[in-house]
Each structure stands twice: as structure tokens, then as C-alpha cells.
**Student:** 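Structure in C-alpha cells, see below.
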Amino acid sequence: MTSFLSSGITSMVYLDSSSDTVIKYPHQEEEEPAIEVERRIYERFQQHGGHEGLLRYHGTFGPGIRLEYASNNGPRQYIETHEIDTKQCIQWAQQVTRALAFVHSMNVLLDFSASSLDGSNPCVVVTASHKCPGDDLKSTQADLFALGSTLYEILTGKPPYYGLFKQSKFPETKSLGPIGDVITGCWQGRFGSANDVLEAINSCVRTCSIAPSTLETTMAVSVLGLAQPLRG
């Protein structure tokens with residue numbers, strides 16, 4: 001039995017309660033190419049062993065695809081309804097960045113709302129709060145810029161105001177501690193890869209002696225879509 005969950009630019013998402021999976025189905029026939037790119041990306045991940053930080057792929061469903069159901073929705077909604085400590089936020093930051101490093105190793109660019117496979121054009125419009133200034137969306141730097149916005153949202157519970165980026169300004173991050181500098185570094189292009197960002201986050205953990213979180217909620221990145229679903 002399926003029930004409607006949400007709708008995006010290119011697809012609708014339904015919950016299949018019998019298998020505890022979700023089905024992403026294109027709105028119309030012209031949206032099928034975007035789902036096709038997403039299918040090819042997930043199949044490439046699967047062929048290389050997958051990654052624990054990515055939603056698990058369960059094959060096709062007509063012109064759609066079937067994915068793992070992450071029941072806790074995205075970080076914004078979760079943070080609004082739960083008490084989240086810094087340790088948990090740092091753990092999520094590590095998980096998302098580690099997953100992005102794997103994605104890049106598969107020659108896939110994510111940009112956290114649009115995906116490019118082997119240099120193809122992104123499937124959908126990039127979310128304004130995560131869009132790197134300029135026209136080059138098919139680059140590692142564009143992904144790292146989007147990663148900075150994602151980390152900012154994880155730490156603050158809200159996306160950065162995109163109007164600042166248009167003015168070559170960035171949100172205040174000093175109040176976030178050492179990881180705030182990592183976030184600003186993503187926006188300013190100071191990192192060459194997701195692995196570099198991960199090492200900087202790990203350095204923050206070592207420097208500040210941050211112990212692992214005792215919460216069991218983990219974050220999984222989806223190929224398309226801003227919010228990173230949470231597993232609980």
C-alpha cells in the first residue's frame with residue numbers, strides 16, 4: 001500500500017509501507033530523464049559497494065526508482081522538534097562530508113539539489129541558499145560551496161540567506177566555534193576536495209576533544225534534494 005509523502009520539481013514521492021521504502025515517480029513524461037540520471041547514479045554507487053552515508057537503492061518501479069525510507073525527514077525539521085547537541089551536529093557534518101567524498105570519487109557532482117553524472121548538466125534547478133555564485137554548477141567547488149550551506153543548516157537549523165552570497169558576503173559563523181571556519185572555508189573556496197573538508201572537521205573534533213554523540217540518529221544523503229534524510 002502506498003501513500004503520498006511529498007512532491008518536488010521533477011518527481012512525487014510515495015511511501016510503500018509494505019516494504020518500508022519510498023518510490024520517486026516523475027510528474028510527467030518530460031521529467032523522466034532526471035529520474036533516469038538519478039537511477040544511473042544510484043546503480044553506479046551500488047556497483048562500487050555503496051556507502052552507508054547514502055540512501056540505499058532498491059531498484060526501479062516503472063519509470064521511477066525505489067529508495068530506502070528515512071523516517072525522520074530532514075535536519076531542519078528534526079532540529080526544530082528535538083534538542084540537538086553540538087556533538088550530534090558534528091557527527092552529522094562528518095557523515096555528510098564523508099558521503100560527498102564518496103560521491104565525488106564516483107565522478108558524480110551533487111550540489112545538494114541537482115546532480116551531474118560524468119559532466120552531464122544538473123537535473124534540476126539548484127536551491128538558492130546552496131548555489132555557488134557564478135554559472136559553473138558542474139564543479140567540485142560548487143559542491144563544496146553547497147556543502148558549506150548544508151553544514152551551516154545542520155549547525156543552526158536554518159539555511160543561509162542567499163541574498164548575502166549575491167553581495168559576496170557570508171553569514172556570521174564565529175559563534176559556531178572552529179567548525180564555523182570550516183563552513184566559511186567551503187564558501188570561500190579554501191578547500192580542494194570533500195576529503196580536505198572532512199580532515200578539517202576531524203581536526204576540530206581532535207582540537208576541541210569532542211566525544212562521539214550518544215544519539216543513534218544518522219544522516220543519509222540523497223542524490224537529489226536539499227534535505228538530507230535522517231535515519232533513526
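These figures come from a predicted structure and were not determined experimentally.
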**Student:** Do you know which two heavy atoms are closest between Gly189 and Gln141, and how far apart they sit?
**Tutor:** CA-OE1, 3.3 Å
**Student:** Take Leu15 and Ile23 through the test side-chain contact (heavy atoms from CB on, under 4.5 Å) and record every step on the way to the result.
**Tutor:** CA-CA 6 Å; Leu15 170 64; Ile23 298 168; over 6 Å; no
**Student:** Give the minimum heavy-atom separation between Pro171 and Pro160, together with the two atoms involved.
**Tutor:** CG-CB, 3.7 Å
**Student:** Compare every heavy atom of Thr97 with every heavy atom of Ala194, then report the nearest pair and how far apart it is.
**Tutor:** O-CG2, 3.3 Å
**Student:** Would you give the length of the straight line joining atom OG of Ser6 to atom OH of Tyr14, rounded to the nearest 0.5 angstrom?
**Tutor:** 10.0 Å
**Student:** I'd like to know if the side chain of Arg66 reaches the main chain of Thr21, judged simply by a donor and an acceptor atom lying under 3.5 Å from each other, with no hydrogens or angles considered.
**Tutor:** no
**Student:** If I take atom OH from residue Tyr42 and atom CD1 from residue Ile65, how far apart are they, to the nearest 0.5 angstrom?
**Tutor:** 6.0 Å
**Student:** For the CG atom of Leu147 and the SG atom of Cys186, what is their distance to the nearest 0.5 Å?
**Tutor:** 4.5 Å
**Student:** Please name the pair of heavy atoms, one in Leu54 and one in Ala99, separated by the smallest distance, quoted to 0.1 Å.
**Tutor:** CD2-CB, 4.3 Å
**Student:** Using a 4.5 Å cut-off on heavy atoms from C-beta on, say whether the side chain of Thr10 contacts that of Pro26.
**Tutor:** no
**Student:** Taking everything shown except Phe170 itself, do over 12 heavy atoms lie less than 6.0 Å from its CZ?
**Tutor:** yes
**Student:** Is there a side-chain contact (heavy atoms from CB on, under 4.5 Å) between Cys89 and Ile84? Walk through the geometry before answering.
**Tutor:** CA-CA 7 Å; Cys89 289; Ile84 309 298; 3.6 Å; yes
**Student:** Measure from the side-chain N and O atoms of Thr156 to the backbone N and O of Lys158, and report whether any donor-acceptor pair falls under 3.5 Å.
**Tutor:** yes
**Student:** When rounded to the nearest 0.5 angstrom, what is the spacing between CG in Leu151 and CG in Leu176?
**Tutor:** 10.5 Å
**Student:** Do Tyr25 and Val37 sit in the same hydrophobic cluster, where Ile, Leu, Val, Met, Phe, Trp and Tyr count as joined when their side-chain heavy atoms come under 4.5 Å apart?
**Tutor:** no
**Student:** Compute whether any side-chain donor of one residue and acceptor of the other, for Ser19 and His58, lie under 3.5 angstrom apart.
**Tutor:** no
**Student:** Just grab all the salt bridge (Lys or Arg N to Asp or Glu O under 4.0 Å) pairs involving residues 26-37, residues at least two apart or on different chains.
**Tutor:** Glu36-Arg39
**Student:** Give a yes or no on whether Val197 and Val205 share a hydrophobic cluster (residues Ile, Leu, Val, Met, Phe, Trp, Tyr; joining criterion: side-chain heavy atoms under 4.5 Å apart).
**Tutor:** yes
**Student:** Please list all pairs meeting salt bridge (Lys or Arg N to Asp or Glu O under 4.0 Å) that have one or both residues in residues 182-200, counting only residues at least two apart or in different chains.
**Tutor:** Asp181-Arg190, Glu199-Arg206
**Student:** Does a side-chain heavy-atom distance below 4.5 Å link Ile41 with Met106?
**Tutor:** no
**Student:** Do His51 and Arg98 come close enough that some side-chain heavy atom pair is under 4.5 Å?
**Tutor:** yes
**Student:** Measure the CD1-OG distance between Ile154 and Ser149 for me, rounded to the nearest 0.5 Å.
**Tutor:** 11.0 Å
**Student:** Apply side-chain contact (heavy atoms from CB on, under 4.5 Å) to Ile90 and Cys204, showing your working.
**Tutor:** CA-CA 9 Å; Ile90 296 296; Cys204 291; 5.8 Å; no
**Student:** Can you see which heavy atom on Ile35 is nearest to which on Pro63, and at what distance?
**Tutor:** CG2-O, 3.3 Å
**Student:** Under 4.5 Å between side-chain heavy atoms, counting indirect links through other Ile/Leu/Val/Met/Phe/Trp/Tyr residues: same cluster for Leu198 and Phe191 or not?
**Tutor:** no
**Student:** Should Phe61 and Val22 be counted in the same cluster of Ile, Leu, Val, Met, Phe, Trp and Tyr side chains packed under 4.5 Å apart?
**Tutor:** no
**Student:** How long is the straight-line distance from NE2 of His130 back to CZ of Phe145, given to the nearest 0.5 Å?
**Tutor:** 9.5 Å
**Student:** Assess whether side-chain contact (heavy atoms from CB on, under 4.5 Å) is satisfied between Asp16 and Tyr69, documenting all intermediate values.
**Tutor:** CA-CA 9 Å; Asp16 181 357; Tyr69 173 50; over 6 Å; no
**Student:** What are the two closest non-hydrogen atoms of Thr140 and Ser193, and how far apart are they?
**Tutor:** CG2-CA, 4.5 Å
**Student:** Less than 4.0 Å between a side-chain N and a carboxylate O, is that true for Lys24 and Glu38?
**Tutor:** yes
**Student:** Determine whether the side chains of Thr184 and Thr173 contain a donor N or O and an acceptor N or O closer than 3.5 Å.
**Tutor:** yes
**Student:** Is there a donor-acceptor contact under 3.5 Å from the side chain of Glu172 to the main chain of Lys174?
**Tutor:** yes
